[in-house]
K.L.:
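A single structure is presented below for examination.
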Amino acid sequence: MKYQDEYRNRELVQGLAAHLENLVAGYAGTMTFMEVCGTHTMSIYQYGLRGLLPAQVRLISGPGCPVCVTPNSYLDKAIACCRIPGVVVATFGDMLRVPGTSSSLMEERAKGADVRIVYSPLDAVKLAATNPQLKVVFLGVGFETTAPTIAGSILAARQQGLGNFFVLAAHKTMPVPMAALASDPELAISGFICPAHVSTIIGADAYQPLARDYQRPCVITGFEPADVLQGVAMLAAQVVAGESRVEIQYSRAVKPQGNPKARAILDEVFAPCDAEWRGLGMIPGSGLAIREEFASFDAERMLPLTPELSREPTGCRCGDVLKGKITPFDCPLFEQTCTPEAPVGACMVSTEGTCAAAYKYGR
Ligand code: SF4
């Protein structure tokens, strides 16, 4: 398949691994690169890419899985939503099994709540249009990749004059937490494998402050094995040369300016806000809130939500996994009491979660 097989070619991948080895041959220290995208995390585990790296290069996983970084306080609000009579919660499938403080959407559905999986936010708009007696709440979770489609659904609901479509918004934006991680001396991040999908929207220029103000090389990288190895080699070359620039390895999809139309629709509906991240805590300016003009579509403003007092699962180290401070194998619950069938934390549920990737491919 074009753009897959050619980037999985064994000789190409081995050649890139040899190139990387040559690049760092005289380098005495360790380079630590963080990938900030759940799909990269999956790819690195799936293709065993860590096994191809020279001793000087280390990869750690960051907060790149949108479901994983969504804190329990949000899940508890979503659960409170579905307990309101006449409310339908519509969501992507990943959210169903993520444990909240004392329940999950799946458990609530088993008890009779109306929780439905949709494949697009526009499906939720259609659900609201065809069921005027119900209130439909779409769970707005994700980075800049999904946020424009959710903004589009709010615009579509307004155009249709719907008064029964709402979004429970918890969108997060990517460059800001990377700056927080770059400032953490314990992590000693040498550079970032920047997210590919997010970068198609925000563009490579969004990472310039990280390279300029934090002196961290940034390379926007595709998902296939050859993409990732080439991206790592580009980062390593910058570190060896003592440089820090933003580069695009994934040039077949990412442009410096991103996607102006998608960014315009984001700006129309959402405004930057402070956001709580699982593991990283409250980060100023790292989220997207529904603007005042669209308040009538904001579930938090329009519905009487009474969530329980939230707490994170006992013993779960998702927070440290999301900061790259430990690997899933360092969590005592991994494989013992926490498995994809019985997940303790969000990182074991999502298809992009680091613990799920380690369980599926890393053992
Ligand atoms: Fe949390 Fe399970 Fe991952 Fe441990 S293995 S950090 S309990 S999700």
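This structure is a prediction, so every number in the text was calculated from the model and none was measured. Heavy atoms only: backbone and side chains are in, while hydrogens, waters and symmetry mates are out. Note that ligands are numbered from 1 as they come in the structure, with each ligand's atoms numbered from 1 the same way.
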K.L.:
Determine whether the aromatic ring centres of His40 and Phe223 lie less than 6.0 Å apart.
P.N.:
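Centroid distance His40-Phe223: below 6.0 Å, so yes.
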K.L.:
Closest approach of Ala196 and Val254, non-hydrogen atoms and distance?
P.N.:
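For Ala196 versus Val254, the nearest heavy atoms are O-CG2, 3.8 Å.
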K.L.:
Closer than 2.8 Å to atom 3 (Fe) of ligand 1, which protein N, O or S atoms?
P.N.:
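Protein N, O or S atoms closer than 2.8 Å to atom 3 (Fe) of ligand 1: Cys355 SG.
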K.L.:
What I want to check is whether the side chains of Asn72 and Ser310 have a donor and an acceptor closer together than 3.5 Å.
P.N.:
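Their side chains do not contain a donor-acceptor pair, so the 3.5 Å distance test is not met.
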K.L.:
Within 45° of the axis and under 6.0 Å from the centre of the six-membered ring of Tyr207, does NZ or CZ of Arg245 qualify?
P.N.:
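No.
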K.L.:
With a 3.5 Å distance limit and no angle check, can you tell me whether Asp94 reaches the backbone of Ser350 through a side-chain donor-acceptor pair?
P.N.:
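Between the backbone of Ser350 and the side chain of Asp94 there is no qualifying donor-acceptor contact (under 3.5 Å).
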K.L.:
Run the ring-centre check on Phe92 versus Phe138 and record whether the distance is less than 6.0 Å.
P.N.:
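Yes, the ring centres sit under 6.0 Å apart.
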